[in-house]
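Here the structure comes first, spelled out in C-alpha cells, and everything after it is commentary.
When a ligand or atom number is given, it counts from 1 through the structure's own listing order.
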Amino acid sequence: MSNLQSSSEIRNNRVLVCVGGGIAAYKVCEVVSTLFKSGVEVKVILTRSAQEFITPLTLATLSRHPAYTDNDFWQPTHSRPLHIELGEWADLIVIAPLTANTLAKLTYGMADNLLTNTVLASTCPVLLAPAMNTDMWEQLTVQRNWQQLLIDSRYHGMSTASGLLACDRVGAGRMAEPPEIVTRVHSLLHTGGKRDLVGKRILISTGGTREYLDPVRFIGNPSTGKMGLALAQAALHRGANVTLVHGVASWDVPLGVQAIPVISAEEMQQVMLEYLPNADVIIMSAAVADVKPKDYSSEKLPKRSLPQALPLEPVPDIVAQLAQLKQAHQLLIGFAAQTGDIITPAKEKLQSKKLDVIVANPIDQPDSGFGSNNNQAIFLDGQGHKLEIAHCSKLEMAHHLFDFVMSRDA
Ligand code: C5P
C-alpha cells in the first residue's frame with residue numbers, strides 16, 4: 001500500500017476584500033469577521049461610495065489591518081504603489097457587493113480608483129458577489145457586462161438570490177449571504193481557482209435515512225448530512241454538475257445544486273438507481289439505517305400497543321447494488337464511519353462492496369464525524385493508495401477527496 005502526501009500544508013491564505021457602494025456592504029462585515037476567525041489573513045479596500053454605508057474603521061477593526069480607501073491610493077507615503085502592493089499580496093480578491101458601476105469598469109478594463117487599479121495589477125482569482133435593485137440587475141447592459149466579464153476564467157461569479165431588497169422590491173439582485181461567500185472563499189483558497197470538475201456529473205447521497213414504525217416513531221441515526229453538503233459545495237465550486245440526494249436536513253441546499261429529499265433507505269435506493277446512469281462519480285456518504293421494523297402501522301400506536309421486542313428486517317445495501325450496476329468509467333466512493341480501528345473494516349467494505357474508493361472516518365473522536373463541521377479520515381482505493389487527512393473542516397475534507405480522485409485519474 002503506498003502512502004500519498006496530503007496537500008493540506010500548501011495553503012493560500014490572503015484575501016483582499018473590496019467593498020463597493022451598496023447597502024449590502026453592511027453584510028461584508030460578517031464576511032470579514034468570519035474569515036478572520038477561520039485563520040484567513042484579510043485586508044480591505046473600500047470605494048468612495050462604500051464609505052457612505054460602512055466605515056473603514058469598522059473593517060479595519062474586524063480585519064486587524066488598515067482598511068484602504070482612495071485617499072490612501074493618492075498618498076505619496078508608500079514605498080511602492082499601493083495597488084501593486086495589494087495586488088501582489090492577495091491570493092484571492094473578493095468584490096462584495098459588486099455594483100453595476102464597478103462591474104462595468106472591470107468589464108472594460110477601466111482603472112480610476114484603488115479597487116479597479118488593484119484588480120488590474122493582480123493575477124489571482126477574483127470572486128464577484130453582485131448586489132443591486134432588480135431592474136438594475138436585469139438591465140441588458142448589466143447582464144451583458146456580467147456575461148462578458150465571466151468569460152475571463154479568473155473571475156468567479158456568485159449567483160444573486162431573490163428576496164426582499166432594501167428598495168422594498170421582491171426580486172433578483174440580492175447579494176449571496178455571508179456564509180455562502182465565506183464557503184466559496186475557502187474553496188477558492190484550496191483550489192486556487194481551478195475548475196477541474198467541469199463537465200463531470202456528480203451524484204451524492206447524504207444524511208441519515210429513517211425507517212418508520214408508525215407515523216411518529218422511527219429507527220434512524222444522528223447523521224446531519226453536513227459531509228455530503230460539503231462534498232456538493234466543493235464539487236459545485238470546481239465546476240461539476242451536482243445532484244444531492246439527502247435525508248432530513250436542517251441546512252439550505254446551495255444554489256445550483258439539484259437536491260432530492262428522501263426519507264427511507266428504499267426511497268434513497270430508488271432515486272440513486274434512477275440517477276446512476278447519468279453520473280460520472282457517485283458518492284454514498286449517507287448513513288443508511290441498516291434495518292427497518294418488519295411492520296408499519298399507519299396509525300400512531302398507543303403506548304400500550306408498542307411491541308416489547310421489535311421485529312426487524314434489513315434494508316437494501318444501496319452502494320453494493322450501485323457497484324453491481326455501474327459502468328467501468330463510473331467511479332463509486334463509499335464512506336465507513338467507524339469507532340476504534342477504522343482501517344480494517346474500511347478495507348473489508350472496500351472489497352466486499354466493490355467500491356473504487358472508501359473514506360474511513362472515526363466517529364469516536366472529539367469534533368469529528370456526525371453533526372460536526374469538521375472531520376478526519378483516511379482515503380483508501382482499490383489500487384492500494386492510502387491518504388490520511390488530519391482534522392479539518394468538512395469542506396476542506398471534501399476538496400481533499402476530489403484532489404485524491406482527480407490525482408488517481410491523471
Ligand atoms: O453502514 P456501512 O458502514 O456499511 O456503510 C458503508 C457504506 O455503505 C456507506 O457508503 C453507506 O452509504 C453505504 N450503505 C448503503 N446501504 C446500506 C448501508 C450502507 O449504501 N444499507
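A salt bridge does not link Lys300 to Asp214: none of the charged side-chain nitrogens sits closer than 4.0 Å to a carboxylate oxygen.
For the pair Arg64 and Phe36, the cation-pi criterion (under 6.0 Å, within 45° of the ring axis) is fulfilled.
Applying the side chain to side chain donor-acceptor pair (under 3.5 Å) definition to pairs two or more places apart or across chains, those involving residues 222-234 are Lys226-Asn373.
Ligand 1 is surrounded by Met284, Ala286, Val288, Asp290, Val315, Pro316, Asp317, Ile318, Val319, Gly334, Phe335, Lys349, Lys353, each with at least one heavy atom closer than 4.0 Å.
By the side chain to side chain donor-acceptor pair (under 3.5 Å) test, Thr118 pairs with no residue at all, sequence neighbours left out.
Residue Tyr26 qualifies as open at atom OH: its count of foreign heavy atoms under 6.0 Å is 12 or below.
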Side chains of residues 139-148: which donor-acceptor partners sit under 3.5 Å, not counting sequence neighbours?
residue	atom	partner	partner atom	Å
Gln143	NE2	Trp137	O	2.7
Asn145	ND2	Thr141	O	3.4

